[in-house]
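Per chain, numbering begins at 1; letters A, B, ... match sequence-line order. All values derive from a computational prediction rather than experimental measurement.
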Protein chains: 2
Amino acid sequence: MLTPIRKGSDYHHGDLRDAVIQVARDLIANEGVSALGIRRVALRINVTPAALYRHFQSLEQLRGEVSGRVRNEMAEMMIIAREKVGPASLSKTRSRARFAAIGDAYVAYARKFPRLFEIAFLTCDALPETEESLAWRTLEESLEELIKSGLLERRKSMKAATLAWSSIHGLASLVASQTISNKEYPVFRKSVLDGVQDAVFAR
Amino acid sequence: MLTPIRKGSDYHHGDLRDAVIQVARDLIANEGVSALGIRRVALRINVTPAALYRHFQSLEQLRGEVSGRVRNEMAEMMIIAREKVGPASLSKTRSRARFAAIGDAYVAYARKFPRLFEIAFLTCDALPETEESLAWRTLEESLEELIKSGLLERRKSMKAATLAWSSIHGLASLVASQTISNKEYPVFRKSVLDGVQDAVFAR
DNA sequence: AATGGGTGTTAACATTGTTTACATTATTGC
DNA sequence: GCAATAATGTAAACAATGTTAACACCCATT
C-alpha cells in the first residue's frame, strides 16, 4: 500500500490530523508558540477551520499534541546521535561517547529549534496520554551501558541520571530562552559537561 | 507624601501601569500565561481596554513587562532567603548556607508559582531594556563570599557559577513544567545539590 | 444499491487585540 | 490665577480569532 496522501477527490483531505500537527509544528518553529492558530493552520492546508475540530477538541489540545510530538522528535535526535558513534559493546570509550552524544543532541535541539523546545516543556492544560518519556528511557539505557562497561557504579546510577538530566535540561532551557547568549554558551557547556562527568564517573 | 493611589475623581486611575502589571501577574499565576489578555485585565481594574494602550504598546509588550517583574521578584526572594541565614562575615558554614539558600529559593519559587516561572523564561518578542540579571548578580556575590571564606578557589569560580546556574535552573524548570512530579522531586533535589557542591567546593 | 459514520463546508456568534476620535484631568508657562 | 498643553481616560468601531450548529459529501459495509 502506497498510502496515498490524497484520495481521488479532494473533498476529503486523506490525512488531516497529521498534516495539522506538521503544519502547527512548523508554524511554531518559525514564528513562535503564539503564532499557532486554528485558522492559520487551516489556511495553510487549504481546509476550513471547522474541519480541524473533527480531529482536535480545541486549540489547547492541538498545542498539547504538538508538544508531545516535539518531545518525541527530540528523543529521536538523541538516539540518532548516539547510534552515529557506533555500538557500545562494553567499550568504555564508546559508552562514554554515546553518553555524551545524547546530552549534546539534547541541547543541540534546543539551540536549533528554541521555539519548539519551548513548547515541549510548556504546561499544557490538555496533554495527550502521558506516556513515559522516550528521552528519559534513552538516558537510562546509556547509563546502563556505562555500568556494564565498568565506568559507573550501579548505586550511583540514579544520582547520575537525575543530575545529568537536570543540568543538561537547564543548559538547554537557558539557551533556548536566550537567557545566555551564543557567546556565553561555550563556557556554560564546558562547565556542565565537566560537572556531569565528575559526578557520574568515579575518580 | 502618602502617594495616593487615587486622586479626587476616578476618571484618572492614578497608577495604572503598575496596577496593570500587578493584575496581569496574578492572572498568569492563577490561570496560566494564556489567560493574560488586555480586556480581562482592563475589566478587573474597571478601566476601558484602550486605556492600557497609554502604558503598553501591545499585549506582547505587557507580557514582556510581567516577565521582567517576575524575574526581579524571584531575585528578591533569593536575597531574602539569603539574608535570613545571617551575614556571611567570612564564616565558612555561613557562606555555604547562604549559597545553598539562594539555590533553594530559586527552585522554591518555581514550585510555588510554576506559571510565573514559566513566563519569566519565555521568549518575549518585546522585552524591556535587558538589564543585567539581578539573580545572576546575587549568585556572583555568593560565590565571592565563598572565595573570601576560603571555600572556593577563584579560578574555579566561573565554572562553579555556570554549573550551579544551569543545574538549579534545570531542576526548577523540570518541576515547574511538571516533567518531574512532587514525588520524584526530593531525589532530584539531592542529586543536584550534591553535584553542585562537589563541583564548587574543593575536596 | 441503500445506509450510516466519518469528514469536510458554510454561516454564524461571542470574544479578542487594536485603532481612531473624542472627553476629561493634570501640569506648565506667563 | 489662568489659559494652553500634555497626560490619561472613554466610546465606538474594525478585523481576526476560537468555537459551534446545521448541512453536504464521500466511503465502506451490509
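Between the CG atom of A:L36 and the P atom of D:dA16 there is a distance of 18 Å, rounded to whole Å. Rounded to whole Å, the distance from CZ on B:R63 to C1' on C:dG17 is 14 Å. Per the geometry, CG belonging to B:L62 stands 15 Å off P belonging to C:dT16, to the nearest Å. When rounded to the nearest whole Å, the span between CD1 of B:I45 and C1' of D:dT10 equals 15 Å. Rounding to whole angstrom units, CD of residue A:Q57 and P of D:dG18 are separated by 16 Å. As rounded to whole Å, 11 Å separates atom P of D:dT17 from atom CD1 of A:I38. One interatomic measurement links the two molecules: CG of A:L43 to P of D:dT17, which rounds to 9 Å at whole-angstrom precision. To the nearest angstrom, C1' of D:dG9 lies 15 Å from CZ of B:F56.
In this structure, the separation between CZ on B:R115 and OG on B:S34 is 7.5 Å, given to the nearest 0.5 Å.
Taking only side-chain nitrogens and oxygens, B:H55 never comes nearer than 4.0 Å to OP1 or OP2 of D:dA7.
Of the residues near DNA chain D, B:L52 and A:R39, the one whose nearest nucleotide (by heavy atom distance) lies more toward the 5' end is B:L52. Along DNA chain C, the nucleotide closest to B:S58 and the one closest to B:R54 are compared, and the more 5′ of them pairs with B:S58.
Residues B:R137 and B:S133 have side chains that never bring a donor and an acceptor to within less than 3.5 angstrom of each other.
Proximity note for B:T48 (side chain, C-beta onward) versus D:dT20, D:dT10, C:dG17: the nearest is D:dT10. Comparing C:dG17, C:dT20, D:dG18 against the side chain of A:L59 picks out D:dG18 as the nearest. Considering only the side chain of A:R40, D:dT17 comes nearest among D:dT10, D:dT17, C:dT10.
Using a 4.0 Å cut-off between charged side-chain N and carboxylate O, B:E145 and B:K148 make no salt bridge.
Cation-pi geometry between B:R25 and B:F113 is satisfied (NZ or CZ under 6.0 Å from the ring centre, within 45° of the ring normal).
No side-chain heavy atom of A:E118 sits under 4.5 Å from any side-chain heavy atom of A:S177.
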